[in-house]
Amino acid sequence: MELSVDIEKRFPGFSLRVSFATAKEALGLLGASGSGKTVILRCIAGIETPDRGRITLNGRVLFDAEKGINLPSRMRKVGFLFQDYALFPHMTVAENILFGLQYLNLSVEERRRRLREKILQFQLEGLEDRFPGQLSGGQQQRVALARALSVDPDALLLDEPFSALDNHLRSQMESELLKTLSDYRGATLFVTHNLDEAYRVCQSLLVLSKGRVSAFGSKAEIFQSPPTVTAARLTGCKNLSRARILSPHHPDQIEAIDWGCTLHLPSPPPSSTAYVGIRARHLQIVDGPGGVNTFPCRLGQVIDTTEGKTVHLEWLQNLKDVPTKGRKGGADGLVGLHPIAERPPLSLYLSESSWNRLKDRPFPWWVHLDPERLFTASEDPELPA
Ligand SMILES: Nc1ncnc2c1ncn2[C@@H]1O[C@H](COP(=O)(O)OP(=O)(O)OP(=O)(O)O)[C@@H](O)[C@H]1O
């Protein structure tokens with residue numbers, strides 16, 4: 001079951017040009033607001049017509065500009081669940097689920113069988129005759145998902161399906177979706193702004209930047225080593241510095257321009273390298289100087305998170321910049337220290353217990369950027385005129 005998309009679509013002030021293929025797995029679409037995620041889904045669903053290109057699903061041509069093929073939405077065997085694509089308020093749960101089936105050439109018995117199956121699968125027994133306004137948010141989403149799947153779609157398109165739900169319902173719906181997807185044999189495209197959700201639900205990620213594919217691959221690869229600056233930012237990397245490749249005499253080193261330092265890498269960076277980065281949870285505080293990629297710093301802002309602290313580490317030039325008097329930790333200990341203001345601080349994630357172990361340690365602290373944890377990234381693909 002393969003969904004293959006190779007399309008272009010222009011609007012005033014925006015152009016989309018993407019090419020990708022995905023099989024039986026959930027593909028997460030990540031991208032800033034306005035990067036083209038919804039337009040892609042709408043083109044696949046047949047709600048929007050691309051200007052150029054081709055879309056095929058399971059060997060069927062849904063759209064081919066050159067051959068003049070443009071299957072109507074109802075014949076595409078695509079199920080979609082859009083945040084703003086609400087249930088029909090004047091139809092009951094059963095009528096909403098049956099709605100998509102009216103265009104398929106099915107016997108009355110088959111329609112009934114599918115309705116029954118979806119009602120059971122999504123635990124909607126007893127709610128068949130209710131109207132959407134008489135259902136909770138979670139129940140409404142279950143009906144919408146049942147409706148999307150009732151046509152037995154070859155592809156399922158989910159555009160921020162849970163964004164209107166509270167956290168509790170959201171995680172309930174997410175686990176229901178995961179169960180549904182484990183039995184689902186088609187391709188799934190899943191748009192979400194919630195990174196953790198994308199990570200839990202999807203096996204692969206497509207990162208979009210201004211209508212272009214910025215990164216495409218397995219989620220593990222993209223999280224470990226985001227190939228572009230947008231992929232790094234959108235996968236939550238807080239520590240990124242512009243970078244410059246050093247002379248061939250130092251092939252395994254790179255100049256981190258914003259951080260004002262030279263960093264050792266495990267291997268020579270690709271020639272397209274424009275950034276170097278490291279995730280907040282991969283930074284380490286070590287006992288002292290001497291190791292590679294180890295720099296003096298002091299504590300800046302401390303931000304509470306649900307599971308620990310994110311702390312900002314301010315760069316210090318070197319030990320002689322740190323007055324002896326000011327080397328005590330804690331809030332009072334910050335007096336008298338002069339960080340290098342123009343360098344953006346590093347973000348370090350600490351669990352509550354690591355924070356408690358560290359917080360009273362005298363300054364300077366020594367931050368270590370493990371070469372194995374550093375990644376290099378390129379600029380985003382150039383936009384053709
Ligand atoms: N029918 C349309 N007419 C004109 N411009 C449009 C139309 N549909 C989308 N656009 C533009 O295309 C661009 C991409 O929109 P799209 O809705 O795909 O973004 P998105 O990545 O889904 O954003 P968000 O995360 O905010 O939902 C935007 O600049 C939008 O204004």
Side-chain angles (χ1 to χ4, degrees), residues 3-22 26-55 57 62-63 65 70-73 76 78-86 137 141 144-145 148 155-165 167 170 173-174 177 187-202 204-217 219 222 226-237 379-385:
L3 170 67
S4 161
V5 177
D6 181 3
I7 50 170
E8 291 181 35
K9 176 78 188 169
R10 273 180 187 274
F11 293 116
F14 177 79
S15 82
L16 175 82
R17 185 184 290 181
V18 291
S19 177
F20 64 91
T22 178
L27 172 65
L29 264 58
L30 293 181
S33 185
S35 57
K37 306 179 294 292
T38 300
V39 173
I40 293 178
L41 298 199
R42 289 169 67 88
C43 287
I44 298 169
I47 302 166
E48 202 78 71
T49 308
D51 301 325
R52 299 230 297 264
R54 189 175 150 90
I55 302 171
L57 176 58
L62 305 187
F63 175 80
N70 189 12
L71 282 195
S73 200
R76 292 195 170 200
V78 167
F80 41 92
L81 182 49
F82 293 166
Q83 189 199 335
D84 58 354
Y85 204 82
Q141 282 305 78
L145 200 50
L156 186 58
L157 311 177
L158 306 168
D159 194 351
E160 298 188 60
F162 310 140
S163 58
L165 304 179
N167 278 348
R170 197 179 174 121
M173 281 304 301
E174 185 194 300
L177 177 68
T188 304
L189 262 54
F190 184 66
V191 173
T192 175
H193 281 109
N194 183 320
L195 265 189
D196 295 330
E197 194 166 82
Y199 202 84
R200 286 190 296 264
V201 174
C202 304
S204 304
L205 294 174
L206 179 87
V207 179
L208 283 168
S209 169
K210 298 180 187 150
R212 301 293 183 274
V213 176
S214 176
F216 178 41
K219 66 177 172 192
I222 290 186
T228 57
V229 58
T230 294
R233 289 201 181 111
L234 286 172
T235 54
C237 182
E379 294 284 5
D380 284 306
E382 286 290 311
L383 298 185

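Counting convention: from 1, in listed order, for ligands and their atoms alike.
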Original post:
Measuring from T49:OG1 to N70:CG, what's the distance to the nearest 0.5 Å?
Top reply: 4.5 Å
Subject >> Distance flag for atom 30 (C) of ligand 1, protein heavy atom under 4.0 Å >> reply: no
Subject >> Nearest candidate to atom 26 (O) of ligand 1, where distance is taken over non-hydrogen atoms, out of S35, G211, S33, C43 >> reply: S33
Subject >> A32 backbone acceptor or donor facing K37 side chain under 3.5 Å >> reply: yes
Original post:
For the residue pair L195 and T235, what are the closest heavy atoms and their distance?
Top reply: CD1-C, 3.3 Å
**OP:** Without swapping roles, check the side chain of D51 against the backbone of R10 for a donor-acceptor pair under 3.5 Å.
**Re:** yes
**OP:** Using distance alone, determine whether F11 and ligand 1 share an N or O pair under 3.5 Å.
**Re:** no
Original post:
Under 4.0 angstrom from ligand 1, any heavy atom of G13?
Top reply: no
Original post:
How far is atom 12 (O) of ligand 1 from its nearest protein heavy atom, and which residue and atom name does that atom have?
Top reply: F14 CD2, 3.3 Å
**OP:** With the side chain counted from C-beta on, respond yes when L189 and F20 share a heavy-atom pair under 4.5 Å apart, and no when they do not.
**Re:** yes
**OP:** Taking only heavy atoms of A32 into account, list the atoms of ligand 1 that are under 4.0 Å away from them.
**Re:** 21 (O)
Original post:
Taking N or O atoms only and a 3.5 Å limit, does G36 qualify as a polar contact for ligand 1?
Top reply: yes
Original post:
Any sub-3.5 Å donor-acceptor pair from K219's side-chain atoms to Y199's backbone N or O?
Top reply: yes
**OP:** Report the nearest protein non-hydrogen atom to atom 25 (O) of ligand 1: residue, atom name, distance rounded to 0.1 Å.
**Re:** K37 NZ, 2.7 Å
Original post:
Within the structure, does at least one protein heavy atom fall under 4.0 Å of atom 10 (N) of ligand 1?
Top reply: yes
Original post:
CD of E48 to OG of S73: how many Å apart, nearest 0.5 Å?
Top reply: 11.5 Å
**OP:** Considering only non-hydrogen protein atoms, determine which one is nearest to atom 14 (C) of ligand 1 and report residue, atom name and distance to 0.1 Å.
**Re:** G34 O, 3.5 Å
Original post:
Of all the atoms in ligand 1, which lie at a distance below 4.0 Å from a heavy atom belonging to H193?
Top reply: 25 (O)
Original post:
Can you find an N or O of V39 that's nearer than 3.5 Å to an N or O of ligand 1?
Top reply: yes
Original post:
Looking at ligand 1, does R42 have a heavy atom less than 4.0 Å from it?
Top reply: no
**OP:** Could you tell me whether the side chain of R76 and the main chain of L71 form a donor-acceptor pair under 3.5 Å?
**Re:** yes
Original post:
Is it true that a side-chain atom of R212 and a backbone atom of S15 form a donor plus acceptor pair closer than 3.5 Å?
Top reply: yes
**OP:** Identify, for atom 17 (O) of ligand 1, the protein heavy atom at the shortest distance, and state residue, atom and that distance.
**Re:** T38 CB, 3.5 Å
